[in-house]
Engineer: 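One structure, pasted below without further comment.
Order of appearance sets the numbers: ligands from 1, and atoms from 1 within every ligand. Values below: every heavy atom of this structure, side chains too, minus hydrogens, waters and symmetry copies.
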Amino acid sequence: MKKVVKFGGSSLANAEQFKKVGSIIRKEEARRYVVPSAPGKRFSGDTKVTDLLYQCYGKAETDEDFEDILREIHSRYQEIIDGLEIELSLDDEFDVIRRNFREKAGADYAASRGEYLNGIIMAEYLGYTFLDAAKYITFKDDGTFDDVTTQEKLSACLEQVEKAVIPGFYGAYKDGRVKTFSRGGSDVTGSIVAKACNADIYENWTDVSGFMVTDPRIVKNPEIIETITYRELRELAYMGASVLHEDAIFPVRKAGIPINIRNTNAPDDRGTMIVANTCYKPKFAITGIAGRKGFTSISIEKDMMNSEIGFGRRVLSAFEKAGIPFEHMPSGIDTMTVFVNQHEFEEHEQMILSEIRRLCEPDLVELETDLALVAVVGRGMKKNKGIAARVFAALAHAGVNIKMIDQGSSEMNIIVGLESRDFEAAVRAIYDVFVNMEL
Ligand code: ASP
């Protein structure tokens with residue numbers, strides 16, 4: 001049995017958290033490859049080390065004095081080293097970092113030092129081998145991740161190393177320049193390492209006991225999802241639910257490795273399993289509810305639209321020309337509506353509208369802004385009757401006016417469009433019907 005374990009910033013914010021992580025790792029021999037984040041917030045209002053590093057480098061870049069912030073960062077690590085009572089000095093490492101900051105090594109290099117230094121401490125604390133991610137995680141010249149080269153290098157290396165710490169979040173171009181993933185990218189590293197060593201499971205340790213049915217800022221203490229498929233997760237994540245970095249799904253999904261979201265502060269909780277397929281029945285008829293605000297709809301009306309060949313293509317080409325992706329496109333007989341991101345649309349509004357007028361000669365174009373989309377997602381929906389009816393009844397009961405309905409052809413989601421001001425009420429109403437009333 002081989003496990004890759006990734007720990008987020010809050011799990012490694014101070015020595016006390018490090019000790020919890022240490023006992024989790026030591027509890028199972030299989031936990032052989034460890035991917036740490038940089039130290040996160042120790043208390044609310046605290047600053048993550050990654051943010052301090054960006055700030056510090058911002059000063060270095062404009063030739064301001066950055067010594068104070070660098071010292072603050074050093075003391076964060078020193079505090080951890082002292083608390084763990086290990087023999088380790090990062091003085092030399094900080095000398096190198098100072099020099100590289102002065103030579104303007106780049107913001108990515110700067111940010112990556114957060115996980116790099118945490119990796120050194122973690123390796124020392126556990127007695128594991130430290131592997132610098134810059135040597136293995138490789139990026140192409142265009143800045144995208146080089147899956148083939150990385151997998152080759154990393155799997156060859158991991159075959160030789162029994163237990164190792166590989167810092168998250170960064171890698172390097174072929175010429176050695178450090179490059180990071182986007183924020184939260186240690187999740188991605190964990191997934192890449194899991195694929196490279198062909199792990200049985202990728203454990204992603206964080207500060208919640210799993211993926212929640214809906215946003216805890218809207219519904220207090222929502223239920224935890226026990227098992228979710230990659231497809232369901234993707235739908236929920238796209239609609240705004242967050243626990244994992246979006247790109248973390250792809251490497252393990254390809255390799256069929258399940259992800260287990262776990263809580264460092266409640267290690268006995270089973271957390272959420274993210275799997276390719278499962279016959280495990282979801283606890284509720286739906287798996288999750290997510291949504292986003294900030295959409296605009298553009299409704300286009302034209303007599304006899306239904307018989308005009310190429311009409312839809314011409315409408316969409318106006319958006320394509322402006323580089324705007326569309327979210328949904330429900331249509332009637334002589335009308336069609338395109339849902340787009342409000343911010344993106346606002347920038348190109350007049351250009352798109354005149355293009356639609358020119359290409360399609362519509363009778364009427366109507367705009368509506370401040371819309372929200374709510375997605376109700378679940379693999380169980382396919383076999384269950386009456387799910388849509390319950391969603392709509394819940395919304396009617398809550399006095400929410402529905403602007404659009406879209407059931408994906410996978411029969412795994414129902415998306416409703418509504419006014420942004422109704423968003424929270426809609427989520428709560430749907431949660432009540434499918435979760436609270438079932439408990
Ligand atoms: N430390 C990085 C961040 O704060 C990456 C990570 O934690 O995954 O975004």
Side-chain angles (χ1 to χ4, degrees), residues 4-14 17-18 20-21 33-58 69-70 72-74 76-77 79-80 90 93 97 101 105-123 130-134 136-137 139 143 145 150 165-172 178-195 202-208 211 233 237 241-252 259-265 274:
V4 169
V5 285
K6 179 259 166 181
F7 292 88
S10 59
S11 302
L12 299 167
N14 55 27
Q17 290 297 88
F18 253 80
K20 288 186 197 167
V21 167
Y33 300 113
V34 182
V35 176
S37 279
K41 295 182 184 183
R42 292 160 296 180
F43 42 84
S44 82
D46 195 17
T47 312
K48 287 172 149 198
V49 165
T50 309
D51 291 316
L52 289 175
L53 284 160
Y54 279 121
Q55 277 172 31
C56 187
Y57 187 72
I69 308 189
L70 198 63
E72 191 183 337
I73 297 167
H74 195 160
R76 289 280 283 267
Y77 287 105
E79 211 180 279
I80 296 172
L90 293 178
E93 293 292 348
I97 293 172
F101 273 31
D108 278 18
Y109 165 79
S112 74
R113 298 304 87 185
E115 350 296 283
Y116 171 79
L117 296 169
N118 235 13
I120 292 178
I121 300 179
M122 179 65 89
F130 173 77
L131 299 174
D132 186 355
Y136 306 97
I137 309 278
F139 287 87
F145 169 61
T150 302
V165 174
I166 308 108
F169 191 37
Y170 72 95
V178 168
K179 159 111 183 98
T180 62
F181 292 107
S182 55
R183 295 299 303 265
S186 300
D187 285 342
V188 186
T189 309
S191 182
I192 292 167
V193 174
K195 185 176 167 204
Y202 167 27
E203 288 180 349
N204 188 297
W205 292 79
T206 175
D207 52 8
V208 285
F211 202 77
L233 180 71
S242 71
V243 157
L244 261 192
H245 190 294
E246 230 192 324
D247 295 339
I249 298 176
F250 301 107
V252 282
I259 306 175
N260 188 194
I261 309 276
R262 299 285 290 267
N263 188 350
T264 301
N265 304 318
I274 307 170

Engineer: State the atoms of ligand 1, each with its element, that fall below the 4.0 Å cut-off from a heavy-atom position in Gly184.
Structural biologist: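 Listed by number with element: 3 (C), 5 (C), 6 (C), 8 (O), 9 (O).
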
Engineer: For atom 4 (O) of ligand 1, what's the nearest protein heavy-atom neighbour? Residue, atom name and distance, please.
Structural biologist: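 Of every protein heavy atom, Arg183 NH2, 2.9 Å lies nearest to atom 4 (O) of ligand 1.
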
Engineer: Which of the numbered atoms in ligand 1 are below 4.0 angstrom from a heavy atom of Lys48?
Structural biologist: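 Matching atoms, with element in brackets: 4 (O).
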
Engineer: With a cut-off of 4.0 Å, which atoms of ligand 1 are near a heavy atom of Ser186?
Structural biologist: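 Per the distance check, 5 (C), 6 (C), 7 (O), 8 (O).
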
Engineer: Please determine whether a side-chain nitrogen of the Lys or Arg among Asp207 and Lys41 lies less than 4.0 Å from a carboxylate oxygen of the Asp or Glu.
Structural biologist: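 Not counted as a salt bridge, because no side-chain N and carboxylate O are separated by less than 4.0 Å.
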
Engineer: Would you please determine whether Gly185 falls within less than 4.0 Å of ligand 1 on a heavy-atom basis?
Structural biologist: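 Under 4.0 Å: yes for Gly185.
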
Engineer: When you measure from atom 1 (N) of ligand 1 to every protein heavy atom, which one gives the shortest distance, and what is it?
Structural biologist: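 Result for atom 1 (N) of ligand 1: Thr50 OG1, 2.8 Å.
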
Engineer: Out of Thr206, Thr189, Asp187, which one pairs with Lys6 under the side chain to side chain donor-acceptor pair (under 3.5 Å) rule?
Structural biologist: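 Of Thr206, Thr189, Asp187, side chain to side chain donor-acceptor pair (under 3.5 Å) with Lys6 is met by Asp187 alone.
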
Engineer: Mind checking whether His245 has a heavy atom under 4.0 Å from ligand 1?
Structural biologist: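 No, His245 has no heavy atoms under 4.0 Å from ligand 1.
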
Engineer: Tyr202 and Tyr33: aromatic ring centres closer than 6.0 Å?
Structural biologist: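 That pair fails the under 6.0 Å test.
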
Engineer: Does the ring center of Phe139 lie less than 6.0 Å from the ring center of Tyr170?
Structural biologist: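 No - the distance between ring centres of Phe139 and Tyr170 does not fall below the 6.0 Å cut-off.
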
Engineer: Testing the basics here: between Pro39 and Gly114, what is the closest heavy-atom pair and its distance to 0.1 Å?
Structural biologist: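 For Pro39 and Gly114, the tightest heavy-atom pair comes out as CD-O, 4.0 Å.
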
Engineer: Can you report which non-hydrogen protein atom sits closest to atom 7 (O) of ligand 1, along with the distance?
Structural biologist: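 The closest one turns out to be Ser37 OG, 3.1 Å.
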
Engineer: Assess whether side-chain hydrogen bond (donor to acceptor under 3.5 Å, both in side chains) is satisfied between Asp108 and Tyr57, documenting all intermediate values.
Structural biologist: CA-CA 10 Å; Asp108 278 18; Tyr57 187 72; over 6 Å; no

